[in-house]
Amino acid sequence: MTCASAFILRREDLVPLLEELAETLEVVAPVQVEGEAAFATWRGEALALDDKNPLTSPMEFFLPQKEVLFRYVQYSGRYTFSEDPPRARLIFGMRPCDLRALKVIDGIFGADLPDIPYAGRRRSTIIVALNCTTPGEGCFCRSMGSGPGAEGGYDILLTDLGRGYLVEPGSSAGVYILRAHHRHFEEADPGDIKEKERLLALAGDEIVTRGPSLNPEKIREAIDGVDWEEAGRRCLACGGCSLVCPVCHCFSVLDQGVPDGERLRCRDTCILSGFSRMTGGANPRAALGERLRHWYLDKFVYIPEKTGLFGCVGCGRCTRVCLGEVDRWSLFKEAAE
Amino acid sequence: MEKIATICVYCGCGCGLFLHVEDGRIVGASPSPAHPVSRGRLCVKGWLAADFVHHPDRLKTPLVRKGGRMVRGSWDEALSLTARRLKEIMEESGPDALAVLTSAKGTNEENYLLAKLARVALKTNNVDHVARLCHAPSVAGLGFALGSGAMTNPIRSLLSADAILVTGSNTTEQHPLIAAHILEAQSRGATLIVADPRRTQMAQLADIHLAPRLGTDVAWTNGILNLIIDMGLVDEDFIIERTEGFTALKDLVVQYTPAAVERITGIPPGDLKKAAVAFGEADRAAVVYAMGTTQHSCGTDNVLALANLVLATGNVGRDGTGIYPLRGHQNVQGACDMGALPSVYPGYQKVEDPAARERMEAAWGTDLPADPGLTAVEMMEAAEEGRLKGIYISGENPMISYPDRDQVMRALSSLEFLTVADIFPTETTALADVVLPVASFAEKDGTFTSTERRVQRVRRAVSPPGEARPEVEVAADLLRRLGVEADYASPEEVMAEISSVTPSYGGISYQRLGISGLSWPCPSRDHPGTEILHQGSFPIGRARFSAVEQQELAEDLDYPLLLTTGRSLFHFHTGTMTRRTHLLDRERPKAAVDINPADAAALGVRSGTMVVVESVRGGIEIEARLTEEVPMGTVYIPFHFAEAPANQLTARTLDPTSKIPCLKRTPVRIRRADS
Amino acid sequence: MKMDRSKMGTVAEGGTRTGRAAGVKPGSYLPIQAEVVDIDVESSNTYLLSLRPMDEEDELVAVNYSPGQFLMVSVFGLGECPISIASSPTREPLQICVREAGRITQGIMAARVGDVLGIRGPFGNGFPVGSMRGKNVLIAGGGSGFATLRSLINYIADDREKFKEVTVVYGARTPQDLYFTSEYGSWQAAKIEVGITVDMMDASWKGNVGLVTSLLAEIDPSPGAAALCGPPMMIRAVAKDLLGRGFIEPEIYISLERHMKCGVGKCEHCTMGRYHVCTDGPIFSYDVVGDLI
Ligand SMILES: Cc1cc2nc3c(=O)[nH]c(=O)nc-3n(C[C@H](O)[C@H](O)[C@H](O)COP(=O)(O)OP(=O)(O)OC[C@H]3O[C@@H](n4cnc5c(N)ncnc54)[C@H](O)[C@@H]3O)c2cc1C
Ligand code: SF4
Ligand code: SF4
Ligand code: SF4
Ligand code: FES
């Protein structure tokens, strides 16, 4: 293998490559579960790469819905603690929007005092990203500048060119993997890069024509114009919008077990009133409408202030899971008009 | 990480979800995108459905009472003791001194085997479950009117309705996914009519909100029908071709003029008219109701009145129409289907019908008792009087969920023998002689039948904790110990037996239950299942109208307020699971009684004041919460909380037809706890 | 209690974003263990607990903090919650003053001498004591919020000459709800003016009755820096009063309370608009949060 920066992986070589990788790493990839693609440990099943991006983002491998922070064991009044080491994992087929979400979270969980469990998982995970040439119906990554093509943040980037995958390393770990498995790759030619750009431009146009095209600046302005009380009336407080969002990261912590047990961390949602309520009953965000408003402000104002990136990557998942028909994007469109 | 597709354990919507499993632990849940009901969405309970599974409180070993204390025992000890004591009681006092309470939380396979245990091994029809407390009036009322007590249409059908009447259902909180469908229909242009004394979220979102006084449902329903007849909006062809008894009904409802209805219910005539026009003029109209309709001493009448309404307007048998009794538990429909009822075998074949009995005797290879058994509440009476001596309770907590808690306590404590199978210790396991630790929904295979009659696969995602076992194995084990052959290699084999004895499940097998499951009736292997009932005909030939009248309502000057009970979005039933789910418990950490600010002012009560709520049955101390959601004169308590058990107050007043207790209208009085 | 005095040295300056005490791995959720060495009853539902880190390498935690910072205190099996440090870094031992609220606070109060609690921290910015030096200081507390102010008062008392006029006003519901009553004398001895008031008096009470603001009218403090902690209603009233007396918004410091889970700016429970109370606060100046409280 030469020092070329792009390669071609033939379609028929994909599974053998993954099989080799799976010998040393846990390979996570989209597979079919009950009729839809979902990220799960790959055990040789057919890959569901042509489907739309799964409803549950692979961000769950960095910020799990539930994890053990540590175990405590009491012995004559004193405690000893134990933590699990992070697993060595390879996430295959992560899309540009989710990759951007990871970058946003890096700016929050990786910054100031880095969150140790997150940082550990981040370090032990290899990311093989997949450019989006088949965007889903609700996607608007282009408006948010997070897709359909990935810009950095991956170890290896794939683009489906039809005859095979264009493979571009993005980190030394990526280069190392390509070297170690070089027999599956052949050098790409400049035409392949052009083809990738053509496909991504096509996908981008597709998103703009069929999906909501929103300018984040407009959304920011629109937040003040939305009737949040009315939106709150329709919200069924399912919390789905936060739980499904790859950028949402709030969590709660609880202990289970006396005298020995576990301190658990679980995903939380600011949509629930108990999230901000204090023991005495006072609640700084008592109404559902206020909580919805905060959700948006965080994504479009506060997170950008902190990380320089929007707290929304345009994956469209929150609209998909909403029980109350709080169609957030049309909400903005109306307000913006 | 593995993603295992299964069905939500909470309400009857029957949402499909994935459990995320890593190293034998559930680390998350997410909605199944292709599932016909959830379609990629879940309510907050569904998102957190598996949160309780690994809770340290789970029962992990069998417990046996020895010298007044519960001590660890082996499965063999616990089951042989159960079998021996049940046999002894049967020999001493006859089979009808025994009873089985099955669980709407259990699978169809478990309910089937437990009902079989009662009938075949214990030779009694004393078998019942929680449906008694929910939808017995639907089974009785709709059974009489339409020939089937089940929801006539699939949930999806609501999307194509032009008008939807929701009554006695706090849908956004109790059946969130059905509410989501209703709201989706509304945004597409359907008119939403909500009749509920409380200003629930559903009522606030309604196009027309009727707020009748508690217990006056027959009056306003008849009133709407009267207006519809008056305006000539009935479906004459449908009435003539497919029903009987309309004339008698018509003669009766003329009395229910808007003015008369207003006197009884407090609903302004203008609103009643609007509702009648919207419902009557709709091409496709649907009626959705739940426990606010059934849990009354006139529950069956309420159901019959609603059935009249859909029949008179021809809203049966088509997409977008129908009557939707919303089932509370995820498998209360299945438990009924499996014959976990004192009067029917699987598939609603009546025990009194000699032909049905002969069929079942042949299938089960034994004689079966001919008389219907005791219902759940009757069992408590019988136990208190000493007629009932031994009960096997599966995953039920009657101490909290049944009316008149003191009596349940007396009843269960006076038993000679009580075995309780559950996943967590409860107020009921505390009274047991034997406690069996069983698997939760995430730890077993089987099927649930949702409120829309959809039979769906439940899958084992992780192993049960400690020595806990799936109850289907426990039931089979007990059957064998009681001398009944029960060598099932898997729940799938139990389903094979179910489909062989249950005509409506005749075509159901695990291989056929794909992502969408199958809706019964599904009589044969090549039958596609039936999503919409009564399309061409009714099982009883013609549907029947019933001329039902509003009952006089007793008033009690000593107890001037009316208490109604219900559930909160964040908890389920007696809270054994949801109160062990961190985010749900945090959302509603304690019980409170909802009082209208005007009533509260008169009582000198503020939000947060501790008050005593008293009925003739007893009193409880509870925090007050002031809200406009309840009208003046009415107070509301969710019944999930053991420390403020609402059912300490409720009466056992039974509906004469369906024997459902009245949990929705109890006269009470309130005073400050410090006075 | 033995501790190397030389380690106590200087006090961390207010305004640091988050404490990085020795022994606590930054960003880790593992607490250090601290033994309860003493318990004082402040009122029927409030205890003052003295703590000593159990491992020598964690000892610095007990001194390396500034007034206004808080700890995440764990009772294993019940959980973790934020509690202000009630002691001053100039004095041993490390103390927290806990009022019964819910499960965890009950758990902390159930601890006996010799029991072990978990602590993480110190967290939060603390009062900007550096910029208070050389100025008049007014300290106003209401209810249980007084614990964090006691840290500041004792800190000032131990470094008294660096500050000009120092005034403490403190109000509680009843005389029984007043904390640290035995220390008022020592504050006065350090030339700190102390005004105490209660909402509801009883037969034994001879002091003031009424709101903290009524004390302010009486004492008429000269403008300077102010440190406030208490219920939002009281804070609003006191701040308004002080602004009328010539205090300026950037020098009125308020200690805020929010639901907290992590203490390190990650869990989002404590957000107040764009601020995280755990890392940007809990001390905010009035010009920043005036319209948010
Ligand atoms: C910066 C700060 C300093 C504090 N200092 C003190 C102090 O010195 N003494 C004292 O007695 N109390 C103090 N509190 C309040 C104390 O944290 C709450 O009373 C306590 O969290 C209640 O927890 P609980 O388990 O007893 O109640 P529960 O109702 O069981 O609370 C459960 C969880 O909710 C969160 N929570 C609920 N209410 C609050 C709240 N008011 N503030 C923060 N988190 C909350 C916590 O994470 C808590 O673990 C302080 C709070 C903050 C934010
Ligand atoms: S806010 Fe919605 S669209 Fe944006 S990243 Fe989150 S889930 Fe996706
Ligand atoms: S997804 Fe929709 S209904 Fe659910 S919490 Fe979010 S806004 Fe509310
Ligand atoms: S609506 Fe019912 S079945 Fe669906 S997720 Fe919620 S509780 Fe579960
Ligand atoms: S307490 Fe977690 S962000 Fe502030």
Side-chain angles (χ1 to χ4, degrees), chain A residues 26 28 31 33-41 43 52 54-56 60-61 64-68 84 87 89 233-240 242-244 252-254 256-258 260-262 264 266-269 271-275 277 279-281 288 317 320-325 327, chain B residues 1-6 16 18 20-23 25-35 38-48 50-51 54-57 172-173 176-177 179-180 183-184 186-187 201 204-205 514-516 569-570 580-589 607-608:
Chain A
E26 178 192 350
V28 167
V31 296
V33 186
E34 293 271 298
E36 279 245 348
F39 280 97
T41 305
R43 302 197 196 289
K52 54 180 181 271
L55 182 60
T56 303
E60 72 174 318
F61 295 97
Q65 279 188 38
K66 204 166 182 184
E67 70 179 297
V68 177
D84 287 339
R87 294 173 172 238
R89 243 191 210 124
R233 248 197 294 282
R234 290 194 76 87
C235 169
L236 302 195
C238 70
S242 308
L243 294 169
V244 83
S252 189
V253 178
L254 70 150
Q256 279 189 347
V258 185
D260 304 342
E262 298 167 333
L264 300 164
C266 60
R267 284 285 300 270
D268 204 335
T269 158
I271 295 293
L272 296 177
S273 77
F275 183 81
R277 190 185 57 233
T279 308
L288 247 175
R317 290 180 173 110
R320 228 176 132 194
V321 300
C322 185
L323 268 196
E325 299 264 292
D327 181 355
Chain B
M1 179 186 290
E2 252 63 57
K3 293 199 168 144
I4 314 284
T6 191
F18 297 156
H20 306 189
V21 178
E22 205 163 75
D23 299 333
R25 273 175 76 134
I26 300 174
V27 293
S30 61
S32 164
H35 188 271
S38 26
R39 293 186 287 139
R41 303 172 301 169
L42 291 172
C43 82
V44 65
K45 286 195 293 288
W47 278 101
L48 301 170
D51 215 49
H54 303 296
H55 196 283
D57 289 353
T172 56
E173 299 206 22
L177 259 290
L183 295 178
E184 211 174 318
Q186 192 191 21
S187 11
Q201 184 177 20
Q204 293 179 35
L205 291 169
I515 302 167
S516 307
L569 167 60
F570 302 101
R580 289 184 175 90
T581 299
H582 173 53
L583 298 188
L584 297 176
D585 189 46
R586 183 186 71 192
E587 207 57 13
R588 261 290 176 109
S607 259

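A, B, ... follow the sequence lines: proteins, then strands. Residue 1 opens every chain.
- Formation of a donor-acceptor pair under 3.5 Å by the B:E587 side chain with backbone atoms of A:S273 is found in this model.
- Ranked by non-hydrogen atom pairs under 4.5 Å with chain B, the options A:P54, A:G239, A:G274 are led by A:G274.
- Side chains of A:T41 and B:E22 form no contact here, defined as non-hydrogen atoms less than 4.5 Å apart.
- B:H35 and A:E34 share no donor-acceptor pair across their side chains, judged by distance under 3.5 Å alone.
- Distance alone, capped at 3.5 Å, places no donor-acceptor pair between the B:R41 side chain and the A:C238 backbone.
- Between the OG1 atom in A:T56 and the CE atom in B:M1 there is a gap of 9.5 Å [rounded to 0.5 Å].
- Contact detail for A:L323 and B:C43: the closest heavy-atom pair is CD1-CA, 3.8 Å.
- Of the possible donor and acceptor atoms, one in the side chain of B:K3 sits under 3.5 Å from a partner among the backbone N and O of A:F39.
- Contact check for A:K52 versus B:P33: no side-chain heavy atoms found under the 4.5 Å cut-off.
- Closest approach of B:Q201 and A:R233 over heavy atoms only: NE2-O, 2.7 Å.
- Under the 3.5 Å distance criterion, with hydrogens and angles disregarded, no donor-acceptor pair is assigned to the side chains of B:S32 and A:E36.
- Contact of B:D51 with chain A is made through backbone and side chain together, with heavy-atom distances under 4.5 Å.
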